[in-house]
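Here is the structure we will look at.
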Amino acid sequence: MERIVLPRKFDYNESIRIRDKLKKRYPFLVCHSIGKSVCSRDITAYSLGNYKNTVLFAGAFHAQEWLTGLVLLRFLERICESLKARKELSGVDICASLMTKGITIIPCINPDGVEIVLNGAESAGKLSGFVKDISRNDLSKWNANCNGVDINHNFNAGWETLREMETRAGILGPSVRQYGGFAPHSEPETQALVRFCERNHIDHAFAIHSQGEEIYWSYGDNTPENSLTMANIFSVCSGYELVENDSLASHGGFKDWFIEYFMRSAFTIEIGKGENPLPVSQLDEIYERIEEMLVVGAII
Ligand SMILES: [Zn+2]
């Protein structure tokens, strides 16, 4: 059967094309919006299996890292294929697992940022002048949403400490990257994800970023004891290395907030190696390397 998730630039139109085709081919797939971005784009979630106890995978927090969204959609497509054909995926009976544990995939947390990177500042609508100003017309480093806030610096976990670090690094206001906002959870994209996590039981969560072939697994004293064991298993499955937080990536991230707030496991996976944005031609290679880790992550 023809693949739906292809190595193409992952802009908003492409995400809608993929969504509609997946829904049509796999009617059992539950597709819903968890909220809207600053420019009113839908932040789409896909769910399978038991909602009451789900594992969450979220990608494209950072605009340059849009390939993570395609990788997650490829994972979703592969799960759907397995369910339809009642076949194993990476040696795992995913049908049986979904009886007890659900999977939720949110491929793109930052649709406006991705749109800016792929289709230019004009895609920020009323904010396009602002986007041009703060980027000085250079979008090659743009990672933020269209308010110039880095969503992965906007979560309420060590946010004030991170703010001090940003200030020391000369990041004082809206910026192409690494500005955490005027308050934690100030951004609609952050709020949408927080609300979703509060309203549903998420057993554990994965934030997919690029690049580095690394797995971050800890945040402070609330890191569950089994997180390191799980991370070691993921490392064996993928060959990715375990690392601990440092510098400007130490606080304010989704994984950090999830661990601190729920006292449950969360992981940041840095996929691929090279310079962001990773070339879309690497989709198959990156995906194949991590499929087993994602499958194990979903059922563990
Ligand atoms: Zn990132």
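Just so you know, these numbers use all the heavy atoms, side chains as well, and skip hydrogens, waters and symmetry mates. Atoms within a ligand are numbered from 1 in the order they appear, just like the ligands themselves.
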Does the side chain of Asp11 reach to within under 4.5 Å of the side chain of Glu115, using non-hydrogen atoms?
-> yes

Checklist entry - Phe155 and His251: aromatic ring centres closer than 6.0 Å? => result no

Subject >> Ring centroid separation Phe267 to Tyr240 under 6.0 Å >> reply: no

Near the Zn ion (ligand 1) (protein N/O/S, cut-off 2.8 Å, waters excluded) we have His62 ND1, Glu65 OE1, Glu65 OE2, His209 ND1

Output for pair (Trp159 CH2, Asn154 CG), nearest 0.5 Å, gives 8.0 Å

Partner of Phe234 under ring-ring contact (aromatic ring centres under 6.0 Å, His included), picked from Phe206, Tyr216, Trp217, is Phe206

In short, Asn145 meets Trp142 closest at the heavy-atom pair O-CZ2, 3.1 Å

